[in-house]
Amino acid sequence: MANKLLIGALSLGRGSNLQSIIDHIKSGKISAKIGCVISDNKDAFALERAQREGIPAYYIYPGTHKTFLDPECEKEYVECLKRHNVELVCLAGFMRILKKQFLEAYRGRIMNIHPALLPSFPGLHAQKQAWEYGVKVAGATVHFVDEGVDTGPIIIQRAVPVHEDDTPDTLAERILKVEHQIYPIAIQLFAEGRLKIDGRRVIIKGIDSVSEYKLE
Ligand code: GRF
């Protein structure tokens, strides 16, 4: 049997996407294993979720900057992932921009989930941005990570209708449910070796319409 894809997850807090990945692995829908979970927040519930599952979980000091990891801290993040033989890094609510040494160590092997239909509404509070703008269709995106903020090649997107009585919070809740569906799909497609980055485009082998794709 082929070795399972080893994932490293980075999360700042709540970790509901991490939980969804864990659940999909447990039910056999994703053929992967989580090698480690890292947080830049000591109190992240994501760390507790990992520990409950017996997954190595680490708080690693991020440094003094708010929006990225200090270089020596970034080195520690990469070393930890390498120590656990991580092949795919999944950002799941990790709010820092990754810099050169991280991107070079895992070029084309870092994914992020964003609660909007990119390239609309990158950055923080995307659901609120979309609601305030007045869009009628919101959504979620999983993309590969590059040096920008939510700018990397898109793997999968799914639309979420905006209801007339939505608030930013109710919209965010509905988007989150979709996030929990599409992140596992992106990971499984990666695990199956179906994703090829071609410039801005991600070519998905053997699947016609990824936005309607379901995991068996
Ligand atoms: C999600 O909305 C994700 O799209 C964004 O941060 C949030 C993290 O939530 N990047 P959780 O920690 O996975 O519950």
Side-chain angles (χ1 to χ4, degrees), residues 7-26 29-30 32 34 36-53 55 57-60 62 66-69 77 88-98 102 110-133 135 137-162 166-187 190 211:
I7 298 175
L10 268 56
S11 174
L12 156 81
R14 179 177 62 176
S16 71
N17 276 288
L18 169 68
Q19 189 63 53
S20 160
I21 296 167
I22 291 171
D23 294 345
H24 279 78
I25 290 175
K26 282 165 103 177
K29 290 190 171 163
I30 305 183
I34 303 185
C36 65
V37 171
I38 310 177
S39 183
D40 53 346
N41 166 18
K42 274 196 200 76
D43 302 320
F45 187 50
L47 293 176
E48 205 177 311
R49 291 185 195 268
Q51 281 156 357
R52 285 205 298 236
E53 304 293 332
I55 299 168
Y58 305 93
Y59 158 72
I60 302 183
K66 286 216 159 34
T67 53
F68 57 90
L69 299 163
Y77 276 69
L88 174 70
V89 180
C90 294
L91 307 187
F94 190 72
M95 303 305 182
R96 289 169 193 268
I97 300 162
L98 302 181
F102 205 131
I110 311 170
M111 288 181 185
N112 180 42
I113 177 108
H114 184 73
L117 291 176
L118 292 171
S120 293
F121 313 120
L124 295 176
H125 313 301
Q127 309 94 323
K128 187 160 179 270
Q129 289 185 53
W131 183 86
E132 281 174 351
Y133 195 91
V135 299
V137 180
T141 304
V142 182
H143 62 93
F144 283 112
V145 171
D146 64 10
E147 35 288 300
V149 176
D150 304 320
T151 51
I154 291 170
I155 302 165
I156 178 168
Q157 295 186 295
R158 203 159 279 182
V160 174
V162 180
D166 263 334
T167 63
D169 287 347
T170 58
L171 178 59
E173 254 174 60
R174 198 167 328 108
I175 293 173
L176 192 63
K177 290 201 182 112
V178 167
E179 293 182 41
H180 296 165
Q181 295 164 5
I182 64 173
Y183 213 169
I185 293 176
I187 294 168
F190 185 97
S211 290

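Both ligands and their constituent atoms are indexed starting at 1 by order of listing.
Between Glu179 and ligand 1, at least one N/O pair is under 3.5 Å apart. Considering backbone and side-chain atoms alike, Ile113 places an N or O below 3.5 Å from some N or O of ligand 1. Where the criterion is an N or O separation shorter than 3.5 Å, residue side chain and backbone included, Ser11 fails it with respect to ligand 1.
For the pair Arg174 (side chain) and Val162 (backbone), a donor-acceptor distance under 3.5 Å is absent. When atom types are taken as modelled, the side chain of Ser39 and the backbone of Ser11 share a donor-acceptor pair closer than 3.5 angstrom.
Distance from atom 8 (C) of ligand 1 to its nearest protein heavy atom, with residue and atom name: Gly93 CA, 3.5 Å. Protein heavy atom nearest atom 11 (P) of ligand 1, with residue, atom name and distance: Ser16 N, 3.4 Å. Atom 12 (O) of ligand 1 has as its closest protein heavy atom Gly15 N, 2.8 Å.
The shortest side-chain heavy-atom distance between Phe121 and Pro115 does not fall under the 4.5 Å cut-off. In this structure, the side chains of Met111 and Tyr183 come closer than 4.5 Å at one or more pairs of heavy atoms.
Look at Gln19 and you'll find every heavy atom at least 4.0 Å from all atoms of ligand 1.
Here CG of Asn17 is found 5.0 Å from CD of Glu179. Values are rounded to the nearest 0.5 Å.
The closest non-hydrogen atom to atom 6 (O) of ligand 1, taken over Met95, Arg14, Gln127, comes from Met95.
Closest approach of Lys42 to Leu47, counting heavy atoms only: O-CD1, 3.8 Å.
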